[in-house]
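Following: one structure in structure tokens, then a few remarks.
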Number of protein chains: 2
Amino acid sequence: MRIAEPTVERLIKYHRLLISMKQGNSSVVSSRQIGDMLGIKASQVRKDLSYFGEIGKPGVGYHVERLCEHIEQILSSPKVWSVALVGVGNLGMALMGHSVFQSYKFEVKALFDVDPEKVGQNIMNIHCWHIDDIARVMKENDIEVVILAVPAVEAQTCIDKAISSNTLKGVLSFTQAPVILPKGVLFYAVDVFVELEKLLFFLKEKERNIS
Amino acid sequence: MRIAEPTVERLIKYHRLLISMKQGNSSVVSSRQIGDMLGIKASQVRKDLSYFGEIGKPGVGYHVERLCEHIEQILSSPKVWSVALVGVGNLGMALMGHSVFQSYKFEVKALFDVDPEKVGQNIMNIHCWHIDDIARVMKENDIEVVILAVPAVEAQTCIDKAISSNTLKGVLSFTQAPVILPKGVLFYAVDVFVELEKLLFFLKEKERNIS
DNA sequence: CAGACTTTGCTAAATATTGCACAAAGTGTC
DNA sequence: GACACTTTGTGCAATATTTAGCAAAGTCTG
């Protein structure tokens with residue numbers, strides 16, 4: 001059974017919320033409460049949660065810990081993914097420092113850059129290689145996922161080198177350049193520019209509709 | 001006429017692409033070419049572009065410069081938005097350094113943080129205030145948009161202070177915490193964690209379906 | 001333990017979004 | 001200028017996603 005992307009996205013958010021609720025005082029939570037906290041309709045929450053069998057109790061709600069484990073199981077990986085971070089500039093460093101990067105689901109095995117100040121160094125205990133070594137290092141470390149945080153103009157070149165490792169399975173890109181990938185390689189992009197433009201666009205539209 | 005969010009998102013991407021094509025050699029481009037470069041179906045491209053009147057020529061395609069201006073007009077703002085960046089940590093600095101922030105559509109008028117090393121300083125020529133001053137500074141500078149780049153635990157507190165300025169109209173959040181806003185304030189979030197989790201989830205699913 | 005609530009799981013309807021297919025329009029060649 | 005292409009714009013069908021509504025199940029109160 002295939003799960004739709006928006007559903008997965010919400011499951012991730014429920015999971016995150018439940019983790020923070022585990023330290024709270026109530027051991028039970030209703031779809032309404034979850035929905036209100038995340039800005040999602042309660043019926044949507046129920047539909048998402050009932051996707052994998054009945055887990056809530058009518059008249060009561062969902063048991064926080066149980067539900068959390070339940071979602072954890074759905075989202076869980078059978079293995080720890082090996083990841084490479086390409087581009088150790090401001091953004092790359094910000095990512096590395098981010099708590100997200102202390103996950104049990106993946107491990108950043110190698111860094112890549114072109115800056116001679118960084119290449120050869122250990123940064124936050126991870127070795128930084130020259131981007132030209134990426135195919136070899138990826139093969140040696142079985143790296144299947146690349147996080148791309150380089151300037152737009154270099155994105156495609158870097159990706160092409162990563163592709164030549166033949167181990168690449170997924171890319172999370174932070175650059176705004178469109179990149180061409182062999183089909184079969186999953187691609188997700190975090191596009192700051194697009195989000196900001198969208199915000200400004202709909203702000204404009206809203207003001208226009210008022211006046 | 002209301003434009004759907006996915007459409008706006010694609011328009012932004014077309015615009016970005018067209019800008020880079022303006023320096024290229026061909027002055028004309030087809031919906032097929034645009035689609036291939038961005039991973040979008042040609043029919044979708046045509047539908048998006050014809051939303052605002054006929055602008056292409058059958059048998060030829062779209063005139064790059066003309067199309068670019070056309071989209072620019074759709075996306076254009078009647079004013080330059082005043083923006084505050086809340087949180088001048090790694091991520092905030094990365095954003096400031098990003099080329100996205102040299103836009104003619106908005107201007108970062110003020111920075112906010114709690115770190116005594118930063119408060120009172122000018123960072124990249126913009127003054128950094130203590131977060132407690134945000135309501136006053138926002139009012140004085142007519143700041144309507146806040147970019148939130150603080151640790152999750154501080155997100156709500158910061159936003160509450162920004163709300164009390166009464167000038168807040170939109171938020172672009174980089175924190176993973178859900179925040180409660182008065183309705184009427186637009187909210188967009190860039191959620192690194194969610195994107196990464198989605199990537200890993202669908203990678204897992206894909207491998208599971210193969211084996 | 002009856003009656004008033006609450007809340008789930010699910011089905012069906014409503015919306016939103018994408019993709020197809022084709023006529024009409026433009027280009028190029030001989 | 002006839003014929004073979006290419007490519008747009010668009011109506012309609014197909015998919016995807018969200019929302020509403022409700023019976024059934026569980027809780028609480030007196």
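This is a predicted model, so every value here is computed, not measured. Lettering of chains follows the sequences in order, A, B, ..., and the numbering in each one begins at 1.
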### Task
Have a look at A42(B) and say if it touches a base, only the backbone sugar-phosphate, or nothing, with a 4.0 Å heavy-atom cut-off.
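Here A42(B) touches no strand at all.
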### Query
Which part of the nucleic acid, if any, lies within reach of I55(A) when heavy atoms closer than 4.0 Å are counted: base, sugar-phosphate only, or nothing?
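Sugar-phosphate, backbone atoms only, no base.
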### Task
List in numerical order all residues of residues 8-35 of chain B for which some heavy atom is under 4.0 Å away from an atom belonging to DNA chain C.
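Under 4.0 Å from DNA chain C: R10(B).
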### Query
Does Y62(B) put a side-chain nitrogen or oxygen below 4.0 Å from OP1 or OP2 of dT6(D)?
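False: Y62(B) side-chain N/O out of range (4.0 Å or more) of dT6(D) OP1/OP2.
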Distance, rounded to the nearest Å, where [X] contributes [atom1] and [N] contributes [atom2]:
X      : N       : atom1 : atom2 : result
Q44(B) : dT7(D)  : CD    : C1'   : 17 Å
F52(A) : dT8(C)  : CZ    : P     : 17 Å
E5(A)  : dT17(D) : CD    : P     : 8 Å
D48(A) : dG9(C)  : CG    : C1'   : 13 Å
K41(A) : dA16(C) : NZ    : P     : 12 Å
L38(B) : dT18(C) : CG    : C1'   : 16 Å
L49(B) : dG19(C) : CG    : C1'   : 16 Å
L67(A) : dT8(C)  : CG    : P     : 10 Å

### Task
On the 0 to 90° scale, with breaks at 30° and 60°, tag the F202(B)-Y188(A) ring pair as parallel, tilted or perpendicular.
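F202(B) vs Y188(A) ring planes: parallel.
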Can [X] and [Y] be counted as an ion pair, charged N to O under 4.0 angstrom?
X       : Y       : answer
E195(A) : K198(A) : yes
K79(B)  : E144(B) : yes
D191(A) : R16(B)  : yes
R208(A) : E205(A) : yes
E207(B) : K204(B) : no

### Query
Within the modelled atom types, does a donor on one side and an acceptor on the other bring the side chain of K47(B) and the base of dG9(D) under 3.5 Å apart?
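Flag unset: no donor-acceptor pair detected.
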### Task
List the steps, then state whether side chain to side chain contact (heavy atoms under 4.5 Å, CB included) holds for F52(B) with I71(B).
CA-CA 9 Å; F52(B) 309 92; I71(B) 298 179; over 6 Å; no
### Task
Check whether the side chains of K105(A) and S77(A) place a donor and an acceptor atom closer than 3.5 Å, and report yes or no.
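The answer is no; no qualifying pair exists.
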Could you go through nucleotides 21-30 of chain D and list every protein N or O atom that sits under 3.5 Å from one of its N or O atoms, giving the distance for each pair?
| unit_1 | atom_1 | unit_2 | atom_2 | d |
| --- | --- | --- | --- | --- |
| dG26(D) | O4' | P58(A) | O | 3.1 |

### Query
Is a side-chain donor or acceptor of K57(A) paired with a backbone partner of H63(A) at a separation under 3.5 angstrom?
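It does not hold such a pair.
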